[in-house]
Amino acid sequence: MPIRKFADGEVVMGRWPGSVLYYEVQVTSYDDVAHLYTVKYKDGTELALKESDIRSQSSFKLRKSQSSSSSPSRRSSSRSRSRSRSPGRPAKGRRRSASQSREHKDDKKKTIQETSLVLAVLVLLKPSENNTKRYNGEPESTEKNDTSCIILEQKLKPDLEIKRVLEQYSLRSRKDDKKTEEIFSEKKTFVAVKPVEKVPSKTKELEFGGRIGTFMLIFLLPATVFYLLLMCKQDDPSLLNVPPLPALESLWEWRVFGIFLLWFFLQAVFSLLPIGKVVEGLPLSNGRKLQYRINGVYAFILTAAAIGVLLYFQFELHYLYDHFMQFAVSAAAFSLALSIYLYVRSLKAPEEELAPGGNSGYFIYDFFTGHELNPRIGSFDLKYFCELRPGLIGWVVINLAMLLAEMKIHNLSMPSLSMILVNSFQLLYVVDALWNEEAILTTMDITHDGFGFMLAFGDLVWVPFVYSLQAFYLVGHPTTVTWPVAAAITVLNCVGYYIFRSANSQKNNFRRNPADPKLANLKFIPTATGKGLLVTGWWGFVRHPNYLGDIIMALAWSLPCGFNHILPYFYVIYFICLLVHREARDEHHCKQKYGLAWERYCQRVPYRIFPYIY
Ligand code: NDP
């Protein structure tokens, strides 16, 4: 039976992963299954460390007095290494003076000193005042634990080490990147940064109301979908007019379920076609990068062609409208079965492949939030596929079916202006998502959330059946929109789209290539992880400019439905709640990831979504 060595609350010295530097940390908890301590660094960063990466403060002091090195690993290697091999080495004199005063200073100061020394050396080596000022306008941040992720790779040549550390801290203008690139281009193969190995630990902070909340959501989400669809079918869909419950047997039809399955597997086949480029996702906790085929636009074109053929052969697409509830029930049943499969297979998944947000150990919570991060069957990524294909493309097909149903039911030679607006705005949104398919790889759904009931139901039921509510509503509740009003709503949608697209692209490009010359005018705050936080451009306007744009568009989608009922505004109301909640979740994760740097970012950019409001 393993005995834990350090107690909760104890202040110890924790090794920064991948480095030989030790920092004062506080033990916050211990996972006796994974045998990992969760420790908190002074800048607020939380990491899970193995016991071997933790030292008591007293043993650390003892070792320090025996050696001039700050960590055992460093001491043992010092003999075999040239003193000039680490970025800290050239400052010999300064190192000595630090060592002379070591006896008179406490460990904490020593650690900070050592880090400062490394940085002092770097600044000496790259003496460009402009650079350091430009990179963030926050020079004092280098004094904190933010700097602690310097990886002192013992085998790297000094210049490569310098480059690497410079990269970590962005201690250069991105304009210099080209020059630096040239200088180091010959040695590129050696420069690859060894990923910092993070062992996923148990999810301790439960979201969505924890076990009770997630249990209730499993019932509440489907109930909401059915309630909305039943309401929408009513002549008077006002809130107080509760719809009668349909007979159970009317909700299920095997033919409808068969069409749903056909749809799902057809999209799966499209996604597996060897057309389109293959890209890498962001590094996983073990440093591995998964590959994704980007062929959403092709899948969309093939789907459009298939629908065209069906219409040519007189297939009545408004069959979808007539059996809308049955399709929703089929999709819900399928997503439930998929979630059960996902949970069962996740029980065999290696610990490192579990989702950071869905590994609580509580069945219901992990089932809901998703236990496994990237469940795959061979190269077929189930989450990635469901996020963009059957539901999203299905949403457009449903909208088209509603348009045709409107024409048929109301005997129109062409669809109403309201229906055209709703269809075109939402078509733009879906095509945009597919066109920028790669951008989804940096979103929370892919990088943080597992694939469980929440995303399976969300992707396959909520998105296609709730997001098409306006079109569904317009079939039964014709609404007239004048041309000037239509023009004003179109402008609103374009403004929302512009903000949404440019903000997402800016962040996505920055994450993929911070040295992109197109982003050279943007400033960012460096963080301990090596990633920067943009503080100018859209991300300096509010902390989630993409959400702002999305919400503006959501409003533009509801306005063509007029003001007779609140039902078509369900989407925008729900969406504001969703994004406010999502923003809070993301804020919390970023605070944990980036600690002090995130606080600085929040000070620089005080508003979350709505400027001067929230
Ligand atoms: P975001 O694309 O907003 O990504 C958030 C992440 O961006 C953070 O975790 C952080 O990750 C990074 N980040 C935050 N601030 C900065 C900064 N200043 N500089 C650089 N990087 C920063 O998250 P979502 O996945 O929530 O949203 C993606 C898009 O999808 C949005 O447009 C949203 O509106 C839309 N969406 C649509 C939904 C729908 O149903 N229609 C539902 C949910 C989202 P890191 O630092 O790790 O890179």
Side-chain angles (χ1 to χ4, degrees), residues 136 170 198 281-285 356-357 387-388 391-392 395 425-426 428-430 432-433 436-449 454-455 457-459 461-468 496-514 516 519 522-554 557 571-572 574-595 597-605 607-609:
N136 60 0
S170 310
K198 275 192 269 168
L282 294 183
L284 301 172
S285 61
E387 281 275 298
L388 284 183
L392 212 63
W395 172 17
F425 293 164
Q426 297 185 349
L428 171 72
Y429 192 75
V430 172
D432 173 89
N436 296 286
E437 189 179 354
E438 217 175 313
I440 201 179
L441 298 176
T442 59
T443 63
M444 236 205 287
D445 287 2
I446 298 293
T447 60
H448 178 269
D449 293 336
M454 178 176 76
L455 284 183
F457 186 83
D459 294 339
V461 186
W462 192 270
V463 168
F465 294 93
V466 174
Y467 288 17
S468 59
Y497 176 74
Y498 176 70
I499 299 174
F500 163 85
R501 176 47 34 227
S502 34
N504 275 327
S505 298
Q506 209 167 62
K507 191 215 35 175
N508 192 45
N509 294 341
F510 181 67
R511 277 286 168 263
R512 291 213 161 260
N513 179 17
D516 187 341
L519 304 172
L522 296 180
K523 288 185 178 178
F524 63 93
I525 296 177
T527 73
T529 65
K531 291 197 223 170
L533 291 170
L534 289 166
V535 283
T536 56
W538 281 114
W539 297 81
F541 179 53
V542 284
R543 298 209 290 273
H544 266 100
N546 48 354
Y547 291 0
L548 175 66
D550 225 339
I551 290 170
I552 294 174
M553 279 192 287
W557 301 350
Y571 176 70
V572 60
Y574 139 81
F575 204 49
I576 291 173
C577 300
L578 172 92
L579 292 184
V580 164
H581 177 248
R582 197 172 167 95
E583 194 279 335
R585 288 180 70 208
D586 191 47
E587 186 95 2
H588 185 67
H589 298 150
C590 287
K591 174 95 180 64
Q592 282 186 332
K593 262 188 286 184
Y594 301 127
W598 184 258
E599 278 175 22
R600 290 232 165 83
Y601 175 53
C602 295
Q603 277 164 13
R604 291 275 295 259
V605 187
Y607 293 102
R608 295 161 188 256
I609 301 176

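As the structure lists them, so they are numbered: ligands from 1, and atoms in each ligand from 1. Owing to the predicted nature of the structure, the values given are computational and were not obtained by experimental measurement.
- Considering backbone and side-chain atoms together, Phe575 places no N or O closer than 3.5 Å to any N or O of ligand 1.
- By the side-chain contact (heavy atoms from CB on, under 4.5 Å) test, Arg582 is found to be paired with Met444, Asp445, Tyr547, Leu579, residues two or more places apart in sequence or in another chain being considered.
- In terms of protein heavy-atom proximity, atom 10 (C) of ligand 1 is nearest to Cys590 SG, 3.9 Å.
- Per-residue contacts place Phe500 under 4.0 angstrom from the following atoms of ligand 1 (heavy atoms of the residue considered): 32 (O).
- With a 4.0 Å heavy-atom cut-off, ligand 1 is reached by the backbone of Thr443 and by its side chain too.
- Within the 3.5 Å criterion, the main-chain N or O of Pro545 finds no donor-acceptor partner in the side chain of Trp539.
- Less than 4.0 angstrom separates atom 30 (O) of ligand 1 from none of the non-hydrogen atoms of the protein.
- A donor-acceptor contact shorter than 3.5 Å links the side chain of Asn436 to the backbone of Asp432.
- Of all atoms in ligand 1, numbered sequentially from 1 with element shown, those under 4.0 Å from a heavy atom of Tyr601 are 18 (N).
- Close N/O approach between Phe510 and ligand 1 is not found [any backbone or side-chain N/O within under 3.5 Å].
- For ligand 1, one of its N or O atoms has an N or O atom of His544 under 3.5 Å away.
- Polar contact with ligand 1: present for Tyr594 (N/O pair, distance under 3.5 Å).
- Using a 4.0 Å heavy-atom cutoff, Arg511 is listed among the residues neighbouring ligand 1.
- Residue contact check for ligand 1: Tyr429 places a non-hydrogen atom closer than 4.0 Å to it.
- Looking only at protein heavy atoms, the nearest one to atom 13 (N) of ligand 1 is Lys507 CD, 4.0 Å.
- Among protein heavy atoms, atom 11 (O) of ligand 1 sits closest to Lys593 NZ, 3.5 Å.
- Near Tyr467, meaning under 4.0 Å from any of its heavy atoms, are these atoms of ligand 1: 39 (C), 40 (O), 41 (N).
- Using a 4.0 Å cut-off to heavy atoms of Lys531, the atoms of ligand 1 that qualify are 45 (P), 46 (O), 47 (O), 48 (O).
- For ligand 1, none of its N or O atoms has an N or O atom of Trp598 under 3.5 Å away.
- Not a single heavy atom of Thr442 sits under 4.0 Å from any atom of ligand 1.
- Residue Arg582 has at least one nitrogen or oxygen atom sitting less than 3.5 Å from a nitrogen or oxygen atom of ligand 1, judged on distance alone.
- Leu578 counts as a contact of ligand 1, since one of its heavy atoms falls under 4.0 Å from the ligand.
- Paired with Glu587 under the rule side chain to side chain donor-acceptor pair (under 3.5 Å), one option of Gln592, Arg543, His544 passes, and it is Arg543.
- Taking every non-hydrogen atom of Trp539 and a distance limit under 4.0 Å, the qualifying atoms of ligand 1 come out as 3 (O), 15 (N), 16 (C), 18 (N).
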